[in-house]
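Below: one structure, written as structure tokens.
Convention: sequence-line order gives letters A, B, ...; per-chain numbering from 1.
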Amino acid sequence: MTIENTIAEHIQNAVSELYQSGIGIDSIVIQETRKEFEGQITVVTFPFTKFSKKTPEQTGAEIGEYLKLHIREVTAFNVIKGFLNLSISDTYWIDQLLNTILDQGFGRFPGNGKKVMVEYSSPNTNKPLHLGHVRNNLLGYSVAEILSANGYEVIKVNLVNDRGIHICKSMLAWALFGNGETPESSGLKGDHLVGKYYVIFDQEYKKQIADLVQKGQTEENAKKNAPVIMQAQEMLLKWEAADPEVIALWSMMNSWVYAGFEQTYTQLGVDFAKYYYESDTYLLGKDIIEEGLAKGVFFKKEDGSVWIDLTEDGLDQKLVLRADGTSVYITQDLGTAQLKYDDFKVDQSIYVVGNEQDYHFKVLFLILQKLGKSWAKGLYHLSYGMVDLPSGKMKSREGTVVDADELMDDMIQTAKERTEELGKVDEFSEHEKDELYNMIGLGALKFFLLKVEPKKRLLFDPNESIDFQGHTGPFIQYTHARIRSVLAKADYKAKISLDHSLELTVLERELIVNLSKYPVVISAAAKEYSPAHIANYVFELAKLFNKFYHEESILKAEDSSVKNFRLDLAAATAATINKGMALLGIRVPSRM
RNA sequence: GCGCCCAUAGCUCAGCUGGAUAGAGCAACGGUUUUCUAAACCGUAGGUCUUAGGUUCGAAUCCUAAUGGGCGUACCA
């Protein structure tokens, strides 16, 4: 039972006793008191005035009096412009800190018996991961962690797009121009090597188009008739026919890519319980088509193609199976959705996919609902905005991308330079240093990407390096290191406070109030699938602690009970920072 | 054409289901270190919350429209 709940209940009683009226719990607005006023919890009195028939000030005073009388923790109140500010006793806040916040499991909810699947990353195997994928991976990983903290059993999966014409493009270019180059022979990471041939394909393709246009073909025809594209298409047909040579090439190049991805994932700190491969799933979904035809959800046109009419739902007619009986994107997604459900019987399934596919998922989910799939209501598209460069959209085939591996290396290198300038960890071993640079560099990157609401598009300027000061990951990591340093000096091991009757300073109280909000933030982040809430909360907390740290001494506190209490407060702050950052996939150092 | 999303300080972003005088960080300027880590802290300056209507005791927040930007509307994935 939180203090807010207690207050809300008593307000209901107050309204019924004082004004002989019933008030719904929903119309009671309780919020944090703004800093400039006395108190910690504020009740908005306007909704009560229609029962009291008095001014907001009078009403607030009456209810304030009632609350003060009936709730032990409410020690004082004031009413300003219709806002009833309540002061809660220091004993309450100290008890909160010592009995709740310092608890190991604080902010971790007990299991709710629900299973949720989070699909994220979903790379193509024809090129390395870029900044856009990084946002996807971090979001997916973080949302999975957040749901887990909220009591869900979480299954992280990756649907790898390992077939199709784009894969054949890199394969063909390698076959034509590769001269047998391998990751070993070139020293290139496998995914980068394959990506290189994807770019080469595109260059060659453009050359051939230009050539044909010069020979008098229209641009449109040239695009269809360029030899390389025809060869790539032929290769795709052979792949589908399981031509041994093509399959061998495909397997070899894919294995290079997977080795490369594995490194990137490890470096990023993300993982998956299961991989799905499109080469296994691309034929799925045809029985769903049959099912839909039987149920009359789909209809067949004369040419044999199968459609669904969604015009009544404000959408269009949508093709679900080609006339020649082959699958389209949505066909296999229908099949894969069924497969994923059959595999795990999850209550919810989240797709972390960019907002360019909003329409696709709207259609997909709607179709599954129309087919009467009971699990369709648990499907959710976590749509996030694209990462753009100042020059516009990133394009792999034109090579205008911010490569994930390079970016991470850059960040770590910058962390190293910055740390060396400060010269605080000179006596660290080489290994410890590397660990630290890694933590800081990636912390900066991850925080940068996660602090923004997923929905919003993100602008990334490669020329303007990501900050290490202010509203950043390293700022928070630094705060944590600072606290750990103090705790180490005091040889702090576990909760030591004994005195629950201290008088708190303004900043101490503010810190505890802030810490006690953590579980609310965690559940809000889950509800909205938004790590940004946590990022901004932890930043707020770190900022507040730094202010406290600067103004009030911990180790040199006026007496030992205050010192012990402040050590507990600092420890609770460090622990909460650590937990919050862990949900973002960011590690925090104990020294930096 | 139609549909979806976005618009807050010079820049990057917060602002919970409507609630008090719209907040941070960066950049700029000024200050703080014989005292627990200055990747910090304090201060100055910076806003018609894109615009116009509407709902309300109360709107950055909800509704309508306009403007600007992004995306989609493929027998690509």
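At the heavy-atom level, V452(A) lies under 4.0 Å from the strands shown only through sugar-phosphate atoms. Within 4.0 Å (heavy atoms only), E278(A) reaches sugar-phosphate atoms of the nucleic acid but no base atom. When heavy atoms are screened at a 4.0 angstrom cut-off, D303(A) is found touching base atoms of the nucleic acid. Contacts of I440(A) with the nucleic acid, taken as non-hydrogen atoms under 4.0 Å apart, include base atoms. A481(A) comes within contact range of at least one nucleobase, with a heavy-atom separation under 4.0 Å. If you check every strand for non-hydrogen atoms under 4.0 Å, M386(A) touches nothing. E421(A) comes within contact range of no nucleotide atom at all, as no heavy-atom separation falls under 4.0 Å. Using a 4.0 Å heavy-atom criterion, one finds that F475(A) contacts the sugar-phosphate atoms exclusively. Counting any heavy atom pair closer than 4.0 Å across all strands shown, Q477(A) reaches no nucleic acid atom.
Rounded to a whole Å, the CG atom of L507(A) is 10 Å from the P atom of C42(B). Taking atom CD on Q469(A) and atom P on C11(B), their separation rounds to 22 Å, with Å as the unit. Separating the CG atom of N546(A) from the C1' atom of A38(B) is a distance of 10 Å, rounded to the nearest angstrom. Look at CG on D461(A): it is 18 Å from P on C26(B), rounded to the nearest Å. Atom CD1 in I483(A) sits roughly 12 Å away from atom P in U37(B) (whole-Å rounding). At whole-Å resolution of the value, CG in N126(A) and C1' in C76(B) are 13 Å apart. In this structure, the CZ atom of R418(A) is 13 Å from the P atom of A38(B), given to the nearest Å. Taking atom CG on D316(A) and atom C1' on G3(B), their separation rounds to 8 Å, with Å as the unit.
For V44(A), taking side-chain heavy atoms from C-beta onward, the closest of the listed nucleotides A40(B), C71(B), G19(B) is G19(B). Looking at the side chain of I554(A), the nearest of the listed nucleotides A14(B), C36(B), C57(B) is C36(B). Which of U21(B), G72(B), A39(B) sits closest to the side chain of P474(A) comes down to A39(B). Among C36(B), U73(B), A40(B), the nucleotide with an atom closest to any side-chain atom of Y478(A) is A40(B). Among A20(B), U8(B), U37(B), the nucleotide with an atom closest to any side-chain atom of R482(A) is U37(B). For K455(A), taking side-chain heavy atoms from C-beta onward, the closest of the listed nucleotides U37(B), C6(B), G72(B) is C6(B). In the set U12(B), G70(B), U73(B), G70(B) carries the atom at the smallest distance from any side-chain atom of R457(A). Comparing C75(B), A38(B), C41(B) against the side chain of L319(A) picks out C75(B) as the nearest. The K456(A) side chain lies nearest to A14(B) when the options are A20(B), A14(B), U12(B).
Side-chain to base pairing of T419(A) with A39(B): one donor and one acceptor N or O lie within less than 3.5 Å of each other. Applying the 3.5 Å distance criterion, the base of U37(B) shares a donor-acceptor pair with the side chain of K424(A). Counting atom types as modelled, N85(A) pairs a side-chain N or O with a base atom of A20(B) as donor and acceptor under 3.5 Å. For a distance-only test at 3.5 Å, the side chain of T42(A) qualifies as a donor-acceptor partner of the base of A20(B). Judged by distance alone, with hydrogens and angles left aside, N536(A) brings no side-chain donor or acceptor close enough to the base of C13(B) to form a pair under 3.5 Å.
Ring centers of Y277(A) and W250(A): at least 6.0 Å apart, outside the cut-off. Less than 6.0 angstrom separates the ring centroid of F545(A) from the ring centroid of F548(A). Proximity of the aromatic rings of F365(A) and Y351(A) is defined here by a centroid distance below 6.0 angstrom, and this criterion is met.
The residues D491(A) and K493(A) are annotated as salt-bridged, a charged nitrogen and a carboxylate oxygen being separated by less than 4.0 angstrom. In this structure, E510(A) does not pair ionically with K547(A), as no charged nitrogen and carboxylate oxygen lie closer than 4.0 Å. Checked for salt-bridge contact, K340(A) and E119(A) meet the test: a charged N lies under 4.0 Å from a carboxylate O.
If you check the side chains of D280(A) and Y275(A), you find no donor sitting under 3.5 Å from an acceptor. Defined by atom type and a distance below 3.5 Å, a donor-acceptor pair is missing between the side-chain atoms of D467(A) and T472(A). When only modelled atom types and interatomic distance are considered, S497(A) and N564(A) share no side-chain donor-acceptor pair under 3.5 Å. Using a 3.5 Å distance cut-off with no hydrogens or angles, the side chains of D162(A) and S279(A) do pair a donor with an acceptor.
Mapping S590(A) and P47(A) onto RNA chain B by nearest heavy atom places P47(A) at the nucleotide closer to the 5' end. With the nearest nucleotide of RNA chain B identified for both H533(A) and D324(A), H533(A) has the one nearer the 5' end.
Comparing the P positions of C36(B) and G47(B) gives a spacing of 40 Å, expressed to the nearest Å. Across G1(B) and U44(B), the matching P atoms stand 50 Å from one another, rounded to whole Å. Atom P of U48(B) sits at a distance of 13 Å from the matching atom of U8(B), rounded to the whole Å. A66(B) and G30(B) are spaced 49 Å apart, taking the P atom of each and rounding to whole Å. Taking atom P in both G3(B) and G19(B), one finds a spacing of 30 Å when rounded to whole Å.
A stacked arrangement is assigned to F83(A) and the six-membered base ring of A20(B), with a centre-to-centre distance below 5.5 Å and an interplanar angle below 30°. You can call F37(A) stacked on the base of A20(B); the centres are under 5.5 Å apart and the planes sit within 30°.
The cationic group of R135(A) does not satisfy the cation-pi geometry with Y384(A), failing either the under 6.0 Å distance to the six-membered ring centre or the 45° limit from the ring axis.
Residue K318(A) places none of its side-chain N or O atoms closer than 4.0 Å to OP1 or OP2 of A74(B). Of the side-chain N and O atoms in S485(A), one or more sit less than 4.0 angstrom from OP1 or OP2 of U37(B). A close approach under 4.0 Å does occur between a side-chain nitrogen or oxygen of R34(A) and OP1 or OP2 of G23(B).
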With both pairing distances under 3.5 angstrom for Watson-Crick or G-U wobble, and | for a partner in another strand, the correct string for RNA chain B is (((((((..((((.....[...)))).(((((.......))))).....(((((..]....))))))))))))....
